[in-house]
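Just the heavy atoms: all of them, side chains too, but no hydrogens, waters or symmetry mates, feed the values below.
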Amino acid sequence: MSSSLQEEEELPANYTGPKGVINDWRRFKLDTVDQALPQNKRELLRQMSIPREEDKERHNRKMSAQEYELIREEDERSLKRYRKQCMQEMHERLSFGPTFDTVHELESGEAFLEVIEKEHQLTLVVVHVYEQDVKGCEQLNSCLDCLALEYSSVKFCRIDAVATGAAERFSSEVLPALLVYKAGELLGNFLAVTKNFQEEFFATDVEAFLNEYGLLPEKDCTACADEDDEEGDVE
């Protein structure tokens, strides 16, 4: 075994120099080999990810076009997964509050008050007060489902007007309503909010409306990475 290869294998796990990065990359590729691939292709990828002394002769021979294409395609897929994982870990390290990825259904007025008063102080809370038969409520619910995936640091909630225990304050004339809170403070109170949209509206319209008031944070790093990956796949 060559001294350089032996040196790489003996590097500590937390080594951050160039050789440490290479070892991290090899371990990541080995861990993320697609199990759906045929056994012979998985074995080839393993051999390319972890050089061994007994494989020297095989590595030194001329690589076929098929092998090269396989390695290139797997490298691209692995790199995308590796980049997405790194960006997600970075986002988690930089985020000081909890994260969410769905709209939470509040069942009572007590749950409504609890999410306002007891949620993390850095968490933005967006509450949709609705009624099933009021025009625009169902469509707004669908829009918030989409936004919850793109803004995981925002806690999106919805509650039926009757369940709030203050139905007289939320008559059908003021629905759907969007209430925005942070650290227990009301930042936005948008009654009959769909009056600000066209008859047919989408998540991007709701997003733009909230951004007009400076209420939404930056989009998630992971969401941006997913969009980049989709664009790359289309190309």
Side-chain angles (χ1 to χ4, degrees), residues 84-132 134 136-167 169-171 174-198 201-230:
K84 181 177 178 180
Q85 177 180 312
C86 289
M87 293 186 72
Q88 185 171 3
E89 290 174 354
M90 179 183 70
H91 177 68
E92 290 173 355
R93 287 196 300 269
L94 296 177
S95 176
F96 298 100
T99 56
F100 318 90
D101 59 2
T102 187
V103 178
H104 298 260
E105 186 76 34
L106 305 178
E107 303 291 346
S108 65
E110 289 77 11
F112 185 15
L113 291 176
E114 183 174 348
V115 78
I116 295 170
E117 297 174 353
K118 296 186 179 180
E119 193 54 65
H120 195 285
Q121 289 193 344
L122 295 177
T123 298
L124 187 74
V125 179
V126 178
V127 182
H128 174 208
V129 185
Y130 69 94
E131 274 187 15
Q132 292 290 354
V134 174
C137 287
E138 183 177 355
Q139 196 168 353
L140 184 56
N141 275 333
S142 298
C143 292
L144 296 183
D145 286 335
C146 295
L147 293 180
L149 295 173
E150 297 188 355
Y151 295 91
S152 64
S153 63
V154 178
K155 186 166 188 176
F156 290 92
C157 307
R158 55 177 164 243
I159 184 170
D160 190 291
V162 176
T164 64
R169 294 183 55 191
F170 296 109
S171 63
V174 301
L175 298 180
L178 276 183
L179 310 178
V180 184
Y181 299 88
K182 190 172 186 180
E185 180 183 353
L186 180 64
L187 302 181
N189 182 20
F190 307 109
L191 304 179
V193 67
T194 51
K195 291 181 178 179
N196 298 279
F197 310 135
Q198 300 292 333
F201 61 93
F202 304 94
T204 51
D205 299 311
V206 180
E207 178 184 35
F209 175 77
L210 293 174
N211 275 328
E212 284 182 13
Y213 293 87
L215 293 174
L216 290 179
E218 294 290 330
K219 277 189 178 180
D220 293 346
C221 292
T222 52
C224 295
D226 288 340
E227 290 175 1
D228 290 343
D229 288 349
E230 290 174 1

Which distance, rounded to the nearest 0.5 Å, do you find between the CG of Leu210 and the CG of Asn196?
10.0 Å
Is there a side-chain contact between His104 and Val115, using heavy atoms and a 4.5 Å cut-off?
no
With sequence neighbours excluded, tell me which residues meet side chain to side chain contact (heavy atoms under 4.5 Å, CB included) with Glu105.
Glu107, Tyr130, Arg158
If you round to the nearest 0.5 Å, how far is NE2 of His128 from SG of Cys143?
9.5 Å
Residues at least two apart in sequence or cross-chain that pass ring-ring contact (aromatic ring centres under 6.0 Å, His included) with Phe202, listed by chain then number, are none
Verify side-chain contact (heavy atoms from CB on, under 4.5 Å) between Leu179 and Phe112, making sure each step is shown before the conclusion.
CA-CA 11 Å; Leu179 310 178; Phe112 185 15; 3.8 Å; yes
Sorted by chain and residue number, the ring-ring contact (aromatic ring centres under 6.0 Å, His included) partners of Tyr181 (sequence neighbours excluded) come out as none
CG of Leu106 to OG1 of Thr164: how many Å apart, nearest 0.5 Å?
10.5 Å
Would you please name every residue forming a ring-ring contact (aromatic ring centres under 6.0 Å, His included) with Phe201, sequence neighbours left out?
Phe197
Where Leu175 and Val129 come nearest, the two heavy atoms and their spacing:
CD2-O, 3.4 Å
Are any non-hydrogen side-chain atoms of Val126 and Leu215 less than 4.5 angstrom apart?
no
Show which side-chain atoms of residues 182-191 pair as donor or acceptor with protein atoms under 3.5 Å away, not counting sequence neighbours.
none

Closest approach of Val162 and Ala167, non-hydrogen atoms and distance?
CA-CB, 4.3 Å
Do Val154 and Leu147 have side chains that get closer than 4.5 Å, going by heavy atoms?
no
One should read off an interatomic distance between Phe156 CZ and Leu149 CG, to the nearest 0.5 angstrom, of 10.0 Å
Under the side-chain hydrogen bond (donor to acceptor under 3.5 Å, both in side chains) rule, what pairs show up with a residue in residues 206-217, not counting sequence neighbours?
Tyr151-Glu207
Determine the minimum heavy-atom distance between Pro176 and Leu140, stating which atoms define it.
CB-CD2, 3.8 Å
Value rounded to 0.5 Å, distance of CG in Asp145 from CG in Asp101
11.0 Å
Which atom of Gly109 lies closest to which atom of Ile159, heavy atoms considered
N-CD1, 4.5 Å
